[in-house]
Number of protein chains: 2
Amino acid sequence: MAFQKERSAGYLANQMARLFAKGLHERIRPLDLAPAQFMTLLALWDEDGLTQIELVRRLDVEQATMANTLTRMERDGLIERRANPEDGRSQAIHLTPRAKALRDPATAAARAQNAAALADFSEEERETFLALMRRAIAAMHKD
Amino acid sequence: MAFQKERSAGYLANQMARLFAKGLHERIRPLDLAPAQFMTLLALWDEDGLTQIELVRRLDVEQATMANTLTRMERDGLIERRANPEDGRSQAIHLTPRAKALRDPATAAARAQNAAALADFSEEERETFLALMRRAIAAMHKD
DNA sequence: CAACGATATATAGCTTGCTATGTAAACTGG
DNA sequence: CCAGTTTACATAGCAAGCTATATATCGTTG
């Protein structure tokens, strides 16, 4: 029996995630933001001054990935790394005024992208969809 | 109202796709395959001798992405690019014996990854999940 | 048939993801 | 107290995605 990619959850998940990222990227392009930067900002808008390790835990990416994303964000004037007087190893990540100002337009763009993707879903289907994704994520985390 | 990433379809889709890719990558590591190479092989196992443009259409990635993936696959002895005597611009992509031999173990690995992700889903939930992903993909394609 | 547009592929340059490894600071047990 | 482990971050190197642009061949049209 042939492997049908249209019936493979992994295949569909990859394609769907790329389309989400592409759509979001387009919508936030005027803000000069990239998707991973937006995701990082979400955590920092919620709580400024987090440490790199705390960001890694909240966003569930590898530490090296986060380090690189933060370097680009620092280069782009979105964050500042401040030394921690209590612990010479860690640094607190602080938002710049520019990053703070992006909160409303950026989250609006993300909401618009989610709405476009789920435009023809009923409210119940949206909830079901989110719940199923969370369950698949949890299952793979355990695995 | 705060933007909650746990309730964002795009955020969950990204995380889920990364976990699928990571899991698949681990399972096919003994075969010395990377996920995008596997995806490309799926199309070529189904029909050998496709052209780069045909692969781009079937897998829905950008032409430049496919060109680079094919270059790596050629380097790794998975494919051969053969000149097309009818059209000097295009090349037919042919599988090597090594790539042909990988079909069974690689698709088994992909099935195992899908099964792990959806382990605690009922049969009905699996169908629902695939259908919802297809609909989200279609909606973003139109957008 | 020559010029021009369309098509197929390649390349440059970037972001985001990963693994593996290095480095410095902090902690801990003997 | 200091040797060894753990922790926080950085760096190297790769795959895969993207946009933008170059190049070569094919087709078409005046």
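Order of the sequence lines fixes the chain letters, A, B, ..., with proteins taken first and strands second; residue numbering starts at 1 for each chain.
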Next item on the list: Determine, stepwise, if the pair B:Asn68 / B:Arg72 fulfils side chain to side chain donor-acceptor pair (under 3.5 Å).
Entry: CA-CA 6 Å; B:Asn68 286 326; B:Arg72 284 187 293 270; 5.5 Å; no
Notebook entry, point to check: What string of B, S and - do you get for nucleotides 7-13 of chain D 5' to 3' if you count protein non-hydrogen atoms under 4.0 Å?
Noted result: BSBBB--
Rounded distance in Å - [atom1] ([X]) to [atom2] ([N]):
X: B:Glu74; N: C:dT9; atom1: CD; atom2: P; value: 13 Å
X: A:Leu55; N: C:dG17; atom1: CG; atom2: P; value: 13 Å
X: B:Glu62; N: C:dC14; atom1: CD; atom2: C1'; value: 15 Å
X: A:Asp60; N: C:dG17; atom1: CG; atom2: P; value: 11 Å
X: B:Phe38; N: D:dG17; atom1: CZ; atom2: P; value: 13 Å
X: B:Met66; N: C:dT11; atom1: CE; atom2: C1'; value: 17 Å
X: B:Ile93; N: C:dA8; atom1: CD1; atom2: C1'; value: 11 Å

Notebook entry, point to check: With a cut-off of 6.0 Å (strictly less than), are more than 12 heavy atoms of other residues, nucleotides or ligands near CD of A:Glu6?
Noted result: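 Counting neighbours around CD of A:Glu6, more than 12 heavy atoms of other residues, nucleotides or ligands fall under 6.0 Å, so yes.
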Are any non-hydrogen side-chain atoms of [X] and [Y] less than 4.5 angstrom apart?
X: A:Leu44; Y: A:Leu78; answer: no
X: A:Leu118; Y: A:Glu125; answer: no
X: B:Thr69; Y: B:Leu55; answer: no

Next item on the list: Return each pair, listed once, that meets ring-ring contact (aromatic ring centres under 6.0 Å, His included) where at least one residue sits in residues 122-143 of chain B; pairs must be two or more places apart or across chains.
Entry: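 Listed once each, the pairs are B:Phe121-B:Phe129.
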Notebook entry, point to check: Toward the 5' end of DNA chain D, which comes first, B:Thr69 or B:Glu86, by nearest nucleotide?
Noted result: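 Checking each residue's closest nucleotide, the 5'-ward one belongs to B:Thr69.
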Check: Applying side chain to side chain donor-acceptor pair (under 3.5 Å), which residue pairs with at least one partner in residues 97-110 of chain B are found, sequence neighbours left out?
Finding: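 For residues 97-110 of chain B: none.
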Next item on the list: Return the residues of residues 11-36 of chain B meeting this criterion: a heavy atom under 4.0 Å from some atom of DNA chain C. Order them by number, or give none.
Entry: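 Contacting residues: B:Asn14, B:Arg18, B:Lys22.
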Item checked: salt bridge (Lys or Arg N to Asp or Glu O under 4.0 Å) involving B:Arg58 - partner list, sequence neighbours excluded ->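 Result, salt bridge (Lys or Arg N to Asp or Glu O under 4.0 Å) vs B:Arg58: B:Glu47.
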Notebook entry, point to check: Among all residues two or more places apart in sequence or in another chain, which pass the salt bridge (Lys or Arg N to Asp or Glu O under 4.0 Å) test with B:Lys5?
Noted result: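 Residues passing salt bridge (Lys or Arg N to Asp or Glu O under 4.0 Å) with B:Lys5: none at all.
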